[in-house]
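Since the structure comes first, as structure tokens, the remarks are kept for the end.
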Amino acid sequence: MKLYVFNPDTDMALANNEENYMAPASACRMAQDLALLPVWYAQPGSAVLAPSAYNADYLQKMKQLFPLSVQLVTEPELPDYAESQIVPWGWNRAFRKRMQKAGIAQHKLPTEAELRECRMLSSRAYGMALAMTFELNKTLKCVCGRHFLISGEGKEFCVPDIVDDFKDGYLFKSVWSGSGKGLRWCRRGLTKSTADWCRRELVNHGALILEPIYKKEGDFAMEFYSNGRGKVLFSGYSHFITDEKGVYRGNMLVSNEEVEQWILRYIPLEAFVCIREYLQKVIEGIYGRYYSGPMGIDMMICPDQRGYPYAIYPHVEINVRMTMGMVARQLYDNFVAPGSKGIFNVDNFPSAEVLRTQHEQDMRDYPLIVEEGRIVSGYLALVPVTPQSRYRAYVLSLIHISEPTRRSYIS
């Protein structure tokens, strides 16, 4: 049996790289509030690890509306599932220790060597190999985007002269982070706080990433599944929204065809197909034999300066783990009625009372309509909203909708 676990702090745990890593309170709250989220992407016949309070009742209600064939498992029950295949949001040393202490058989967990390899594959520094292949390929059209690796010990930090060519500014990225975190934006030069942050990154990790800031028309991702034996399969598109700081704000719930049509408003079909096919071939070589599981490649559509109106930045982020884009793809394909559109989002609130008020307001404003196990329209919280909840994941499905509400954010 596959046992799914939502551990959203995995990027932070990879950066820390200690098996006794303790997630911050906000990440622990998010993991608890959204523990049941995997029921929407878990394979039939599998289980999801979550506390029984509230989640059991909620899951029973959802099974009356949707074709969900999953069961709930609580942490004290894990010894009974010692031989299960654990499917986390992402692997790291602290999560492995948690599962081992909870009763999962050691031979069902990755080894220390496999975890070191997982951490390497998840780093932005390793992902630069993908960027380099695009830079060296002179046959691809409508492609942009550059990365620079800065390495050192952090004793002194000077911005490379290359930034003089970045007319819209530049940003630094930590080697391990995701979902718009670990970024420092320099639109008007380097501040002392950012310089101090860069020094700390170099001390802690020995490297950081420098990139130009690009103007953009929109964000999307290509989602893949790697079988660990050299084959990477295309799983679909994700059309998502970010704010001015690159933080994730939600996904559009639309068909793959609609995402592709949106992209083709900017990029010629032939050029786009070449980029997609080349990307799939390259990640097979870089990741295909070393990683098994879902992965998402975040991209941007940007104005181009080299003869084409627009170009694709095809390697903004490489997420070697489960992604919100993959969740959104599964939600639309399996639980949204044909012809309906909507949004999927995760947001948090300053207090449980504020969340409860908004949740009840959304239920009144957007009554849920489900037909034959699919959402036609309305609001659906994808996890139970409890008296302690500060986070929620939800779907809002309407026939005409443009983007996620701007009040939503992830802290």
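With respect to Asp33 and Arg29, a salt bridge is recorded, a charged nitrogen being found less than 4.0 Å from a carboxylate O. Salt-bridge formation is not detected for the pair Arg119/Glu114: no Lys NZ or Arg NE/NH1/NH2 atom is positioned less than 4.0 Å from an Asp or Glu carboxylate oxygen. A salt bridge links Arg329 with Asp333; the closest basic N to acidic carboxylate O contact falls under 4.0 Å. Between Arg249 and Asp347, no side-chain nitrogen of the basic residue sits less than 4.0 Å from a carboxylate oxygen of the acidic one, so the salt-bridge criterion is not met. With respect to the salt-bridge test (charged N to carboxylate O, under 4.0 angstrom), the residues Glu317 and Lys173 qualify. The residues Arg93 and Glu112 are annotated as salt-bridged, a charged nitrogen and a carboxylate oxygen being separated by less than 4.0 angstrom.
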- prompt: What do the steps show when you test Arg321 against Asp11 for side chain to side chain contact (heavy atoms under 4.5 Å, CB included), and what is the final call?
  reply: CA-CA 9 Å; Arg321 53 166 170 76; Asp11 292 325; 3.1 Å; yes
field: Steps toward side chain to side chain contact (heavy atoms under 4.5 Å, CB included) verdict (Thr74, Glu77)
entry: CA-CA 5 Å; Thr74 63; Glu77 296 174 307; 3.0 Å; yes
query: Can Arg96 and Gln100 be said to form a side-chain hydrogen bond (donor to acceptor under 3.5 Å, both in side chains), step by step?
result: CA-CA 6 Å; Arg96 180 187 186 276; Gln100 189 173 14; 3.3 Å; yes
task: Could you give me the CA-CA distance, side-chain angles and deciding distance for Glu360 and Arg356, then say whether side chain to side chain contact (heavy atoms under 4.5 Å, CB included) is met?
output: CA-CA 6 Å; Glu360 293 175 350; Arg356 168 64 64 175; 3.0 Å; yes
message: Run the side chain to side chain contact (heavy atoms under 4.5 Å, CB included) test on Arg265 and Tyr310 for me, step by step, so that the C-alpha distance in whole Å, both residues' side-chain angles and the decisive distance to 0.1 Å come before the verdict.
response: CA-CA 10 Å; Arg265 288 163 48 188; Tyr310 295 96; over 6 Å; no
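For the pair Thr133 (side chain) and Leu130 (backbone), a donor-acceptor distance under 3.5 Å is present. Side-chain N or O atoms of Thr357 include one that pairs as donor or acceptor with a backbone N or O of Glu353 at under 3.5 Å. No donor-acceptor pair under 3.5 Å is formed between the side chain of Asp9 and the backbone N or O of Met12. Of the possible polar contacts, one joining the Asn334 side chain to the Gln330 backbone as a donor-acceptor pair under 3.5 Å is found. Put simply, the side chain of Ser238 never gets that close to the backbone of Ala221: no donor and acceptor are under 3.5 Å apart. Of the possible polar contacts, one joining the Trp40 side chain to the Leu382 backbone as a donor-acceptor pair under 3.5 Å is found. Judged by distance alone, the side chain of Asn227 and the main-chain N or O of Arg229 form a donor-acceptor pair under 3.5 Å. Side-chain atoms of Ser397 come within 3.5 Å of backbone atoms of Lys341 as a donor-acceptor pair (strictly under, hydrogens ignored).
Between the side chains of Glu260 and Asn256, no donor-acceptor pair of N or O atoms lies under 3.5 Å. Between the side chains of Ser255 and Glu258, at least one donor-acceptor pair of N or O atoms lies under 3.5 Å. In summary, the side chains of Ser177 and Arg124 do present a donor paired with an acceptor at a separation below 3.5 Å, with no hydrogens or angles considered.
Applying the 6.0 Å contact sphere to NZ of Lys61 captures no more than 12 heavy atoms from other residues, nucleotides or ligands. For Met120, the CE atom sits in a packed shell: over 12 heavy atoms of surrounding residues, nucleotides or ligands are nearer than 6.0 Å. Other residues, nucleotides and ligands place more than 12 heavy atoms under 6.0 Å from the CE atom of Met1. Around the CZ atom of Arg364, the shell of radius 6.0 Å holds more than 12 heavy atoms that belong to other residues, nucleotides or ligands.
Note: His359 and Tyr379 meet the aromatic proximity criterion, with ring centroids under 6.0 Å apart. Note: Phe134 and Tyr278 meet the aromatic proximity criterion, with ring centroids under 6.0 Å apart. For an aromatic pair to be called close, the ring centres must be under 6.0 Å apart, and Tyr4 with Trp89 fails this. Taking the ring centroids of Tyr287 and Tyr126, they lie under the 6.0 Å cut-off. Between Phe234 and Tyr237, the ring centre distance stays below 6.0 Å.
Counting heavy atoms from C-beta on, the side chains of Leu3 and Val48 never come closer than 4.5 Å. Between Phe344 and Met324, the closest side-chain pair of non-hydrogen atoms falls below 4.5 Å. Using a 4.5 Å heavy-atom threshold, the side chains of Asp57 and Gln60 count as separate. For the pair Trp91/Leu14, no side-chain contact is recorded, criterion being any heavy-atom separation below 4.5 Å from C-beta on. Side chains of Asn319 and Met295 form no contact here, defined as non-hydrogen atoms less than 4.5 Å apart. Proximity of Asn92 to Leu115: side-chain heavy atoms (C-beta onward) are nowhere separated by under 4.5 Å. In this structure, the side chains of Tyr313 and Met299 stay at 4.5 Å or more apart for every pair of heavy atoms. In this structure the side chain of Ile312 never reaches within 4.5 angstrom of the side chain of Met300, judged on heavy atoms.
We find the OG-NZ distance between Ser46 and Lys2 to be 8.0 Å, quoted to the nearest 0.5 Å. Here CZ of Phe349 is found 4.0 Å from CZ of Arg392. Values are rounded to the nearest 0.5 Å. Atom CD1 of Ile375 and atom OH of Tyr332 lie 11.5 Å apart (nearest 0.5 Å). Once rounded to the nearest 0.5 Å, the distance linking OH of Tyr21 with OG1 of Thr10 reads 9.0 Å. In this structure, CG on Leu331 lies 9.0 Å from CG on Asn251, to the nearest 0.5 angstrom. Going from atom SG of Cys186 over to atom CG of Leu210 covers 8.5 Å, rounded to the nearest 0.5 Å.
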Which atom pairs, donor and acceptor, lie under 3.5 Å between side-chain atoms of residues 80-87 and protein residues at least two apart or in another chain?
{"from": "Tyr81", "atom 1": "OH", "to": "Gln71", "atom 2": "NE2", "distance (Å)": "2.9"}
{"from": "Glu83", "atom 1": "OE1", "to": "His107", "atom 2": "NE2", "distance (Å)": "2.9"}
{"from": "Ser84", "atom 1": "OG", "to": "Tyr81", "atom 2": "O", "distance (Å)": "3.0"}

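For the residue pair Pro314 and Leu279, the shortest heavy atom distance occurs at O-CD1, 4.4 Å. Nearest heavy-atom pair, Leu190 versus Val159, reported as atom, atom and distance to 0.1 Å: CD2-CG2, 3.4 Å. Contact detail for Leu208 and Cys198: the closest heavy-atom pair is CD2-O, 3.5 Å. Looking at every heavy atom in both residues, Thr242 comes nearest to Lys216 through OG1-NZ, 2.6 Å. Smallest separation of non-hydrogen atoms from His239 and Asp219: CD2-O, 3.2 Å. Summarising the geometry of Arg374 relative to Pro338, their closest heavy-atom pair is CD-CD, 4.2 Å, with the distance given to 0.1 Å.
The aromatic rings of His315 and His147 lie tilted to each other, with the angle between the two planes from 30° to 60°. Using a 30° and 60° split on the angle between ring planes, Tyr248 and Phe240 fall in the tilted class, from 30° to 60°.
Judged by the 6.0 Å distance and 45° axis criteria, Arg98 is not positioned over the aromatic ring of Phe95.
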